[in-house]
Amino acid sequence: MSNEVKMGIVGCTGRMGQMLITTIGETEGCIVAGAVDLPDHAAIGQDAGDYAKAGIIGVPITGNLDAMLQQVDVAIDFTIPAATVANAKAAAAAGTAMVIGTTGLDTEQAAAVESAAQNVPIVWAPNMSVGVNLLMGLTEQVAALLGPDDYDIEVLEMHHKHKIDAPSGTALGLGRAAAAGRGVPLESVYQAVRDGQTGARPAGQIGFATLRGGDVVGEHSVIFASDGDRIELTHKASNRRVFAAGAVHAAKWAPKQSPGLYSMKNVLGFD
Ligand code: NAD
């Protein structure tokens with residue numbers, strides 16, 4: 001049907017790419033209209049739906065991003081930082097909206113995505129699930145109520161053994177939300193993983209701890225610890241469908257927006 005949003009998946013053979021193809025197939029009002037991965041990937045030429053075990057959809061996997069960007073209303077990118085930067089530039093040149101789930105971008109790479117968003121609407125979020133975006137809002141509120149003299153904030157996360165960046169983008173997002181609640185930039189209170197003779201913990205610090213192992217999809221806790229008690233806000237994803245559903249929701253929303261950089265808060269109306 002012509003009013004369906006045509007979606008293109010970048011990184012379509014990846015864990016998230018395959019889940020996106022399955023989820024789009026199960027969602028009203030959208031179709032997979034293109035599927036791209038690395039040009040030398042062994043799956044080039046295979047049907048993208050078949051590869052994702054979602055049934056044949058008549059969309060072959062290609063290595064040609066530019067051609068795909070002409071055929072879709074929105075590109076959904078869950079790849080690696082360097083690829084995402086190049087893809088955002090290509091989407092800006094083609095005038096195609098984007099949804100980016102890739103994490104681990106450095107400051108320069110993040111600036112390149114922001115610059116691409118001057119030309120096209122881009123939704124970029126380290127975690128697309130409704131639950132985690134709710135957790136971010138709650139974290140900011142609780143951090144605003146519990147001051148640094150009384151409560152220490154620590155962010156703990158665990159992911160599967162294949163994850164290549166740490167702390168997770170979501171953990172950093174939660175840290176940023178906690179810092180915002182206290183009215184300080186995260187950079188001024190950030191404490192990465194501790195090791196050795198660290199000395200006592202200064203008040204106001206926001207610490208991060210990372211666990212990796214097995215097939216854990218994604219678990220995050222924000223811990224508020226005082227001398228007398230502990231409050232823990234926790235989210236556990238048991239499968240990738242929650243991220244894919246959020247990304248597809250964002251991909252339906254993005255093509256209707258003016259150029260700019262948007263978060264899942266904007267998509268979900270949590271602002
Ligand atoms: P993955 O390694 O399973 O998949 C990445 C895919 O990208 C691979 O198929 C790879 O071949 C492909 N790729 C790499 N470079 C490419 C390029 N230049 N062009 C086209 N394709 C390219 O990884 P994954 O577990 O699917 O995660 C991908 C990213 O998404 C990570 O950064 C992860 O942290 C992030 N992620 C975000 C969310 C969220 O909700 N925002 C949820 C899960 C994962």
Side-chain angles (χ1 to χ4, degrees), residues 8-23 34-44 46 48 51-53 60-69 72 75-91 98-106 109-110 112-113 122-136 157-174 210 212 214-220 235-251 254 261-265 267-268:
I9 312 301
V10 193
C12 66
T13 72
R15 283 174 286 265
M16 279 304 299
Q18 294 184 58
M19 183 54 83
L20 283 160
I21 286 166
T22 303
T23 304
V36 169
D37 210 289
L38 288 168
D40 61 353
H41 197 286
I44 296 294
Q46 278 190 44
Y51 187 91
K53 299 187 177 59
I61 299 172
T62 80
N64 191 339
L65 176 78
D66 289 328
M68 188 196 83
L69 289 171
V72 302
I76 311 180
D77 181 321
F78 283 70
T79 58
I80 55 171
T84 293
V85 168
N87 299 342
K89 284 182 185 160
M98 249 189 128
V99 172
I100 298 174
T102 310
T103 62
L105 278 71
D106 64 26
Q109 290 168 324
V113 170
I122 297 182
V123 177
W124 182 27
N127 194 305
M128 301 272 172
S129 76
V130 175
V132 158
N133 283 281
L134 184 63
L135 184 70
M136 291 204 186
E157 59 109 335
M158 181 162 188
H159 281 86
H160 55 88
K161 61 189 171 195
H162 303 291
K163 187 164 177 60
I164 58 172
D165 54 318
S168 72
T170 301
L172 292 169
L174 288 165
T210 298
R212 291 284 175 267
D215 61 356
V216 176
V217 174
E219 300 189 357
H220 295 87
H235 179 268
K236 296 183 180 182
S238 43
N239 65 53
R240 290 182 176 81
R241 200 170 285 267
V242 288
F243 309 131
V248 173
H249 186 61
L261 190 61
Y262 301 95
S263 70
M264 277 309 281
K265 269 181 159 180
V267 175
L268 297 168

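Only heavy atoms go into these numbers, but all of them, side chains included; no hydrogens, no water, no symmetry mates. All ligand and atom numbering here is 1-based and tracks the order in the structure.
Sorted by chain then number, the residues whose non-hydrogen atoms approach ligand 1 to under 4.0 Å are Val10, Gly11, Thr13, Gly14, Arg15, Met16, Asp37, Leu38, Phe78, Thr79, Ile80, Ala83, Gly101, Thr102, Thr103, Ala125, Pro126, Asn127, Met128, Lys163, Phe243.
Not counting sequence neighbours, Asn64 has no partner by the side-chain hydrogen bond (donor to acceptor under 3.5 Å, both in side chains) test. Scored by the side-chain hydrogen bond (donor to acceptor under 3.5 Å, both in side chains) test, Thr102 finds Asp77, Thr84 as partners (sequence neighbours excluded). In this structure, the side-chain contact (heavy atoms from CB on, under 4.5 Å) partners of Ala125, at least two apart in sequence or on a different chain, are Met128, Met264.
The pair Glu157-Lys163 does not meet the salt-bridge criterion, since no charged nitrogen lies less than 4.0 angstrom from a carboxylate oxygen.
In this structure the side chain of Ile100 reaches within 4.5 angstrom of the side chain of Ile122, judged on heavy atoms.
Other residues, nucleotides and ligands contribute at most 12 non-hydrogen atoms within 6.0 Å of the CG atom of Asp215.
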